[in-house]
Chemist: 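My structure is below; once you've seen it, I'll send some questions.
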Protein chains: 2
Amino acid sequence: MVLARKTPTIQDVARFAKVSAATVSRVLSSPERVSASARERVTEAVRATGYTINQAARSLRMRAAKTILIALPNIGNPFYSTILDAVVNEASSRGYGVLVANRLGENPTEWLRDYFFSNRADGLLLFDASLDTEELSNLPLVRNTLPLVVVCDELLDPRFHTVTTDNFEASRRAVRHLYELGHTRIGHVRGRLVKNLANQRWLGFQAEIQAGGGEFRPDWIFQGDHSMPSGYAAGQQFARLSDRPTAIFASNDETAIGFISAIREHGLDCPRHVSIIGFDDIAVARHYAPPLTTMRQPREQIGRVATEALIDILEGTPFEHDLLRIVLNSELIVRSSTARWNGG
Amino acid sequence: MVLARKTPTIQDVARFAKVSAATVSRVLSSPERVSASARERVTEAVRATGYTINQAARSLRMRAAKTILIALPNIGNPFYSTILDAVVNEASSRGYGVLVANRLGENPTEWLRDYFFSNRADGLLLFDASLDTEELSNLPLVRNTLPLVVVCDELLDPRFHTVTTDNFEASRRAVRHLYELGHTRIGHVRGRLVKNLANQRWLGFQAEIQAGGGEFRPDWIFQGDHSMPSGYAAGQQFARLSDRPTAIFASNDETAIGFISAIREHGLDCPRHVSIIGFDDIAVARHYAPPLTTMRQPREQIGRVATEALIDILEGTPFEHDLLRIVLNSELIVRSSTARWNGG
DNA sequence: GAAACTTATGCAATCGATTGCATCGACTCT
DNA sequence: AGAGTCGATGCAATCGATTGCATAAGTTTC
């Protein structure tokens with residue numbers, strides 16, 4: 001029942017090493033400015049006392065929390081969880097902690113403001129661009145050198161740093177893949193268009209349909225929201241159609257999976273009755289039945305690059321960085337959910 | 001190009017409201033101790049200045065960061081991401097931030113020690129019990145009133161608070177379900193036994209096999225690690241078996257999915273050639289082909305209850321709480337990956 | 001051998017919020 | 001009217017690390 005002794009402070013270390021707290025601090029942050037003998041004694045003292053820096057004190061003095069905030073629309077989505085993984089790894093390798101915010105509630109701007117000004121986080125990775133950007137950019141902090149990187153979901157607002165993938169081009173590539181397999185009757189399950197990401201995919205779909213000379217049929221466009229249930233609903237609608245497309249470009253894998261599971265209940269098979277291509281290449285995609293053809297997003301890379309960028313911005317000299325605009329490429333992964341169409 | 005003005009401090013608010021900083025502080029934490037007129041002026045001043053509390057300063061003074069740390073073995077796993085979701089929601093509704101640690105590296109104990117003593121986090125939700133508990137419990141902080149709750153993965157060490165599900169019983173229930181469908185030849189894909197959670201499921205499997213008078217065959221036990229690829233490997237092994245079981249209890253859904261996708265490549269079908277039951281009920285389970293029969297863990301509840309417990313411990317009087325030992329129940333969800341066995 | 005310089009280290013102020021103690025005024029009670 | 005009580009508020013110390021400035025000791029140069 002020993003009571004935990006008080007955690008040692010820098011003063012304790014100083015006393016132990018018979019130097020001043022200032023010297024200890026210097027040993028820790030810039031060892032080359034301290035004599036070898038003092039350095040040695042301090043190092044030993046740190047070991048002996050089990051000293052760990054008090055981040056709260058450090059944050060207060062330095063006005064930096066060594067923490068970044070990641071705001072996600074939905075952690076539950078496996079797409080984001082892989083990215084989160086990469087972000088956490090990259091951040092912690094650079095000595096940063098990662099605070100998670102999920103589904104910013106009623107008043108997202110207020111919320112973010114609190115996090116920043118309250119000195120809990122130094123920078124923000126924003127994956128949820130369905131925010132009022134006008135309001136956002138009015139925050140005093142968010143001005144020229146904004147510690148904010150918008151990831152994946154691109155804001156149209158040009159004032160923010162962004163890391164995205166080539167949603168538009170990748171979507172065209174997806175549709176082209178269907179053309180290449182002989183499909184001409186192609187449908188689409190959209191995401192919610194308030195998300196620019198979903199909008200880009202939708203525009204890419206339309207552009208390629210037009211370019212390929214395919215048929216554009218409004219009744220072959222299904223509205224989803226990137227969730228499995230919404231894909232399922234779309235699949236049911238599809239099954240009830242009298243005149244069906246032979247291929248579907250689903251705005252993401254979860255939608256594709258929901259879709260396939262729905263049509264299967266209606267006795268329809270993928271890819272025999274309809275080819276389906278998804279987007280993201282989430283982990284289940286290759287183990288689904290059928291294994292999903294999809295546009296793979298470099299998720300690990302997205303997380304890593306965005307985090308690197310944010311920390312660079314945080315640690316670099318203000319105004320040194322121009323507006324960051326990184327676009328990563330997606331890759332077509334052909335599996336078995338799409339197949340050649342032989343005239344039905 | 002206006003430079004962001006300095007963020008207002010409690011002193012600024014005090015000056016504005018013509019009171020002392022102490023009074024402002026009191027208005028914010030215990031308004032009833034302040035006169036109505038002062039309270040009003042302060043509230044107005046807060047609004048006018050746009051004041052937000054500086055958490056770093058508060059943490060320093062209060063020795064509490066209003067932050068909890070969640071240590072996961074693998075965020076990428078959708079099972080954990082749902083729990084994380086619940087944890088973040090519950091925590092933020094009680095004013096706590098959530099710091100994420102993933103796959104504690106080389107020296108997990110060191111790592112955790114740093115987080116605690118450094119005052120970055122007040123408490124820990126530990127989902128990864130493959131730690132050296134001996135070492136862990138030697139940390140000065142981790143003594144009687146440990147701000148630590150072990151979740152899901154139960155440590156055998158009885159000194160820690162835990163929130164778990166009934167892995168043993170649920171596994172027996174899963175196997176019983178297979179018996180009820182007429183199966184007598186039942187195999188198992190294990191998780192790594194260093195995890196007590198996996199071990200419990202394995203023990204439950206064995207217990208029920210014994211109780212049900214089924215056949216216990218070592219060659220029907222496959223070693224996995226709760227990942228899809230490991231399930232896939234197990235499935236391949238299964239397919240090569242000359243004398244196969246007619247049903248498999250997979251230690252989690254990801255394993256089950258990998259397994260099914262592998263046997264399908266070998267021309268085997270689930271549930272026609274083999275029934276498979278998983279564990280967890282992750283989101284894809286119901287949309288998989290076939291929809292997965294599984295033991296559903298109350299994931300949202302797990303996350304919420306564990307977080308509640310941890311924060312209660314943090315905010316309650318020390319020593320008030322006895323050792324916490326919460327066990328939640330899993331539920332059998334019957335879908336189509338298991339079917340009646342008609343004598344093969 | 002003294003001036004000029006360099007290097008190592010300590011002193012003390014600072015970051016912003018909280019809180020025990022002291023003070024002050026208003027009110028009550030005898 | 002004087003003593004005692006109570007509520008509201010301010011003063012000032014405190015939490016622990018950092019850093020500009022000052023000082024002391026040691027080194028170089030003419």
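Note on naming: letters A, B, ... go to the chains in the order of the sequence lines (proteins, then strands), and numbering restarts at 1 for each one. Remember, predicted model here, so these are calculated numbers, not experimental data.
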Chemist: Within the 4.0 Å heavy-atom criterion, would you say Val24(A) contacts the bases, only the backbone, or no part of the nucleic acid?
Modeler: nothing
Chemist: What is the distance, to the nearest angstrom, from the CD atom on Gln55(A) to the P atom on dA17(D)?
Modeler: 10 Å
Chemist: Given axes from five pairs at either end, by how many degrees does the helix from dG1(C)-dC30(D) to dT30(C)-dA1(D) bend, rounded to 10°?
Modeler: 50°
Chemist: Which part of the nucleic acid, if any, lies within contact of Ile53(B), taking any heavy atom under 4.0 Å across all strands shown: a base, the sugar-phosphate backbone alone, or nothing?
Modeler: sugar-phosphate
Chemist: Taking 4.0 Å as the cut-off, does a side-chain nitrogen or oxygen of Tyr51(A) come that near to OP1 or OP2 on dG16(D)?
Modeler: no
Chemist: Would you classify Ala56(A) as touching base, sugar-phosphate or nothing, given that sugar-phosphate means primed atoms plus P, OP1 and OP2, and contacts are heavy atoms under 4.0 Å?
Modeler: nothing
Chemist: What nucleotide among dT18(D), dA17(C), dG10(D) has an atom nearest to a side-chain atom of Arg26(B)?
Modeler: dG10(D)
Chemist: Looking only at heavy atoms, what is the nearest atom pair of Ala21(B) and Ile10(B), with distance?
Modeler: O-CD1, 3.7 Å
Chemist: Record whether the side chain of Arg61(A) comes under 3.5 Å of the base of dG16(C) through a donor-acceptor pair of N or O atoms.
Modeler: no
Chemist: Side-chain N or O of Thr23(B) versus OP1/OP2 of dG10(D): is the shortest distance under 4.0 Å?
Modeler: yes
Chemist: In whole Å, what is the span from the CZ atom of Arg120(B) to the P atom of dC15(D)?
Modeler: 23 Å
Chemist: dG10(D) C1' sits how many Å from Lys18(B) NZ, rounded?
Modeler: 16 Å
Chemist: Should Arg47(A) and Glu44(A) count as an ion pair when the cut-off is N to O under 4.0 Å?
Modeler: yes
Chemist: Salt bridge or not between Asp312(B) and Arg94(B)? Use side-chain N to carboxylate O under 4.0 Å.
Modeler: yes
Chemist: Could you tell me the separation between the CD atom of Gln11(A) and the C1' atom of dA12(C), rounded to a whole number of Å?
Modeler: 12 Å
Chemist: Supply the atom-to-atom distance Leu99(B) CG to Arg120(B) CZ, rounded to the nearest 0.5 angstrom.
Modeler: 6.5 Å
Chemist: At less than 4.0 Å, is any side-chain N or O atom of Ser35(B) found next to OP1 or OP2 of dT9(D)? Yes or no.
Modeler: yes
Chemist: Would you give the length of the straight line joining atom CG of Leu328(B) to atom OG1 of Thr165(B), rounded to the nearest 0.5 angstrom?
Modeler: 7.0 Å
Chemist: Write down the atom of Ala86(B), the atom of Arg304(B), and the distance for their closest heavy-atom approach.
Modeler: CB-N, 4.0 Å
Chemist: Nearest to the Met62(B) side chain among dT18(C), dC15(C), dG10(C), which nucleotide is it?
Modeler: dT18(C)
Chemist: How long is the straight-line distance from OH of Tyr96(A) back to OG1 of Thr67(A), given to the nearest 0.5 Å?
Modeler: 9.0 Å
Chemist: Grab the NZ-P distance between Lys66(A) and dG16(D) for me, whole Å please.
Modeler: 21 Å
Chemist: To the nearest Å, how far apart are Arg33(A) CZ and dT6(C) P?
Modeler: 14 Å
Chemist: Where is the tightest heavy-atom contact between Ser59(B) and Ala65(B), given as atom of each residue plus distance?
Modeler: OG-CA, 3.5 Å
Chemist: Taking only N and O in the side chain of Arg58(B), is any of them less than 4.0 Å away from OP1 or OP2 of dT18(C)?
Modeler: yes
Chemist: Need to verify one output field. Residue with the more 5' nearest nucleotide on DNA chain D, Leu60(B) or Val19(B)?
Modeler: Val19(B)
Chemist: On DNA chain C, nearest-nucleotide positions of Glu32(A) versus Ala22(A): which is more 5'?
Modeler: Glu32(A)
Chemist: Taking atom types as they are modelled, is there a donor-acceptor pair under 3.5 Å from the base of dG16(D) to the side chain of Arg63(B)?
Modeler: no
Chemist: For dG16(D), take OP1 and OP2 only and decide whether either is under 4.0 Å from a side-chain N or O of Thr9(A).
Modeler: no
Chemist: Provide, to the nearest angstrom, the distance between the CG atom belonging to Asn119(A) and the C1' atom belonging to dA17(D).
Modeler: 14 Å
Chemist: How many Å lie between CZ on Arg15(B) and P on dG10(D), as a whole number?
Modeler: 14 Å
Chemist: Can you figure out which of dG16(C), dT9(C), dT9(D) approaches the side chain of Ala57(B) most closely?
Modeler: dG16(C)
